[in-house]
Amino acid sequence: MTSWWRRGAVYQVYPRSFADSDGDGVGDLRGLRAHLDHLTGLSVTAVWLSPVFPSPMADFGYDVSDHCDVDPLFGTLADLDDLVADCHARGIRVVLDWVPNHTSDQHPWFRASRSSREDPKRNWYVWRDGAPDGGPPNDWRSEFAAVGPAWTYDEPTGQWYLHSYTPQQPDLNWEHPEVEAAMHDTIRFWLGRGVDGLRIDALQRLAKDPLLRSNAGSDRRHDQDWETAHGRLRGIRRVVDEFPDRMVVGEVYLLDLRRVLAYLTGGDQLHLAHNFVFVHLPWDAGAFRAAIEEFEAQAEPEAWPAWFLGNHDHSRIATRYDDGGHGPARARAVALLLTALRGTPFLYQGDELGLPDAIVPPDRVVDVDGRDPERAPLPWRPPSVAGAGAGFTTGEPWLPLVADAERLCVERQAADPSSTLSLVRRLGELRAASTALQTGRQRMLDAAPDVLAWLREDGDERLLAAVNLGLGPRTLVPGEEATLLVSTDPGRPSSVVRDLVLQPDEAVLLRLHGG
Ligand code: NOJ
């Protein structure tokens with residue numbers, strides 16, 4: 001039996017923006033529970049929730065102040081248990097975000113650590129004296145450009161603490177065995193409650209040069225991806241393996257595939273890794289093919305691919321690849337691409353609607369790193385019917401909705417067979433019914449210039465997928481008779497074909513007849 005995390009797509013829910021049940025303008029667990037039909041309609045195998053733990057929300061939940069509870073903004077622990085039970089009843093697994101690199105500065109561990117140099121938790125975080133010139137201990141910078149140095153001086157105890165993100169997110173000191181043990185216990189807490197897996201946040205940050213040397217003048221970074229990361233990850237995996245049939249997917253934000261694969265291979269680290277090389281690809285068939293083949297050549301059969309092109313940290317697919325109006329069609333092509341590639345697709349909420357980035361006026365900006373546009377609330381119903389909250393909330397949404405919520409909302413798209421939502425639902429059904437798509441062999445084809453094309457095969461089932469990334473029409477000749485199963489062009493009829501002319505940004509999936 002194919003493991004659940006290989007079979008179908010994982011759907012990422014950004015809980016603040018999914019559905020609000022209590023009118024405070026922020027999404028919550030009850031809102032999500034009330035909309036599980038939407039997930040079932042997409043045939044997804046699992047849902048990954050961005051953090052719902054208690055948090056002062058300096059980084060919208062990625063600043064955790066208690067790893068083993070739910071923030072009242074989202075509901076209660078009982079709500080989360082109910083959500084897990086409801087998802088399981090529908091055959092959907094639940095993956096939680098696990099943030100091991102840092103905590104909130106309001107976490108009791110950091111409060112204790114900060115209280116005095118003698119506190120037993122002092123070394124649970126990274127404290128250092130300043131440089132002789134009075135500046136920070138070294139040249140490390142926060143991941144967020146607007147934050148600047150990765151160090152903040154703390155007056156009461158006269159030392160600096162490290163934060164790879166905002167100053168409200170002090171880095172834990174993973175050199176300390178007590179930190180490792182305490183974080184392992186938080187994994188046991190959730191997996192013991194029936195949660196099916198974890199998405200590990202910022203995994204590459206878990207190990208730094210213990211000597212804290214500066215990056216300048218060195219041919220490598222000292223503030224991430226240190227060798228010790230792998231032993232730490234194996235320790236995490238051993239805890240996960242205390243529970244049957246669980247999965248860990250890592251955010252390994254490194255733009256060098258070989259470095260990413262070092263976290264995936266060996267069978268004792270990650271099950272899946274988010275490949276950020278892929279997210280940064282230009283709209284170019286050769287670039288996509290090279291990235292796919294590079295993964296195959298370097299990682300398979302040992303490691304299983306995961307493919308994604310959108311999440312809560314990156315401009316929406318429909319905006320990123322818009323290039324003068326191509327966005328909506330390319331978002332549809334990406335949906336087919338992710339469904340038909342060998343590997344686990346990850347779908348970020350709203351991508352099934354082809355949402356673009358929202359326009360966020362300066363007085364509504366809340367994120368320090370410019371990520372508000374891709375975090376806009378999901379439009380469920382037309383504002384003309386449901387009011388300005390578009391069925392997301394009855395209150396004032398925490399971020400503005402996308403401009404065209406009227407047309408892009410779930411209700412409208414569900415009623416339109418040619419919508420992006422209808423296409424994504426159909427793709428989910430096709431994948432759920434096809435072992436060739438789930439686990440079949442894959443071979444890239446030289447189909448036509450600018451056309452990314454590949455075969456998926458399992459037993460008698462042979463499928464051909466193709467995406468035209470060019471700016472003009474391209475002729476695709478499968479070499480044998482084929483049935484068109486789906487095209488991203490809603491105008492193209494399903495039919496038996498010997499060849500077909502793909503329009504720019506069109507993607508198709510064909511069943512080959514043989515011979
Ligand atoms: C990666 C998360 O996806 C991002 O949203 C967050 O700001 C950082 N890690 C820090 O936790």
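Just so we're clear, the structure is a prediction, and the values are computed from it rather than from any experiment. Counting starts at 1 for both ligands and their atoms, following the listed order.
- Applying the ring-ring contact (aromatic ring centres under 6.0 Å, His included) test to His314 and every residue at least two apart in sequence or in another chain returns Tyr253, Phe276, His280.
- In the model, Arg7 has no side-chain atom that pairs as donor or acceptor with a side-chain atom of Thr344 under 3.5 Å.
- Scanning for ring-ring contact (aromatic ring centres under 6.0 Å, His included) contacts around His67 gives His107, Trp109, with sequence neighbours left out.
- Judged as a ring-ring contact (aromatic ring centres under 6.0 Å, His included), and not counting sequence neighbours, the contacts of Phe18 are Trp380.
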Just list the N/O pairs, ligand 1 to protein, that are under 3.5 Å apart, with the distance for each.
unit_1: ligand 1; atom_1: 3 (O); unit_2: Arg199; atom_2: NH2; d: 3.1
unit_1: ligand 1; atom_1: 3 (O); unit_2: His312; atom_2: NE2; d: 2.8
unit_1: ligand 1; atom_1: 3 (O); unit_2: Asp313; atom_2: OD2; d: 2.5
unit_1: ligand 1; atom_1: 5 (O); unit_2: His312; atom_2: NE2; d: 3.0
unit_1: ligand 1; atom_1: 5 (O); unit_2: Asp313; atom_2: OD1; d: 2.8
unit_1: ligand 1; atom_1: 5 (O); unit_2: Asp313; atom_2: OD2; d: 3.4
unit_1: ligand 1; atom_1: 5 (O); unit_2: Arg371; atom_2: NH1; d: 3.3
unit_1: ligand 1; atom_1: 7 (O); unit_2: Asp59; atom_2: OD1; d: 3.3
unit_1: ligand 1; atom_1: 7 (O); unit_2: Asp59; atom_2: OD2; d: 2.5
unit_1: ligand 1; atom_1: 7 (O); unit_2: Arg371; atom_2: NH1; d: 3.0
unit_1: ligand 1; atom_1: 9 (N); unit_2: Asp201; atom_2: OD1; d: 2.8
unit_1: ligand 1; atom_1: 9 (N); unit_2: Asp201; atom_2: OD2; d: 3.2
unit_1: ligand 1; atom_1: 11 (O); unit_2: His102; atom_2: NE2; d: 3.0
unit_1: ligand 1; atom_1: 11 (O); unit_2: Asp201; atom_2: OD2; d: 2.8

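- Using cut-offs of 30° and 60° for the angle between ring planes, the His230 and Tyr263 rings count as tilted.
- Note: Tyr125 and Trp174 fail the aromatic proximity criterion, with ring centroids not under 6.0 Å apart.
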